[in-house]
Amino acid sequence: MKALLVIDMLNDFIDEDGALSVGPQGKAIINIIKEKISEFRKNEYPIIFICDNHEKNDKEFEMFAPHCIAGTAGAKIISDLDVKDVDKVISKRRYSAFFGTDLDLYLRENNIDEIFLTGVCTNICVLYTAADARNLAYKVSIYKDAVASFDSTAHDFALKEAKNTLGCNII
Ligand SMILES: [Zn+2]
């Protein structure tokens with residue numbers, strides 16, 4: 001069984017005025033992600049929204065400006081994307097969607113062995129989620145036109161690393 005992961009498509013990353021905006025690259029993938037969501041819905045494959053959700057004084061803020069603080073508008077999924085009750089929404093506090101979350105359990109309970117990644121940032125949360133998924137022996141595909149980063153060199157490197165070192169399909 002397949003599932004679609006929509007990673008960190010949240011106001012603080014995608015809005016131009018967001019606390020840690022990815023910039024125009026983030027906006028540019030919205031329509032493709034919408035298409036993927038409808039495609040997976042049509043086939044009745046699960047859609048999993050992965051959402052950065054930090055404590056007020058999260059350790060991560062020693063490296064990055066405060067963003068996606070629990071309960072704030074910045075931590076909400078962008079309104080362009082349609083979240084249904086049947087979708088799974090997972091909050092995370094670190095880069096990987098697997099770290100300290102029930103994602104692995106959810107995938108196993110639903111017999112999902114293949115995940116398709118979309119969202120931001122290619123070289124951070126997408127890459128480290130892909131790495132953990134591969135360590136757990138999931139098949140991983142990354143839609144290259146549905147992931148983005150503020151740093152285009154890092155974006156390209158991450159896709160190469162995902163393909164050559166992690167064995168992801170870049171499609
Ligand atoms: Zn974060």
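Counting starts at 1 for both ligands and their atoms, in listed order. Sequence positions, counted from 1, serve as the residue numbers for this chain.
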Using a strict 4.0 Å threshold on nitrogen-to-oxygen distance, state whether Asp87 and Arg41 make a salt bridge. yes
Rounded distance (nearest 0.5 Å) linking atom CG of Leu117 with atom CD1 of Ile142: 5.0 Å
Ignoring waters, protein N/O/S atoms under 2.8 Å from the Zn ion (ligand 1) are Asp52 OD2, His54 NE2, Glu60 OE2, His67 NE2
Given Thr129, Thr101, Asp8, the one that forms side-chain hydrogen bond (donor to acceptor under 3.5 Å, both in side chains) with Lys92: Asp8
Is the closest side-chain donor-acceptor distance between Asp104 and Tyr138 under 3.5 Å? yes
Before accepting this row, confirm whether a basic side-chain N of the pair Asp80/Lys34 lies closer than 4.0 Å to the acidic partner's carboxylate O. no
Hey, are His67 and Glu60 close enough side-chain-wise for a donor-acceptor pair under 3.5 Å? yes
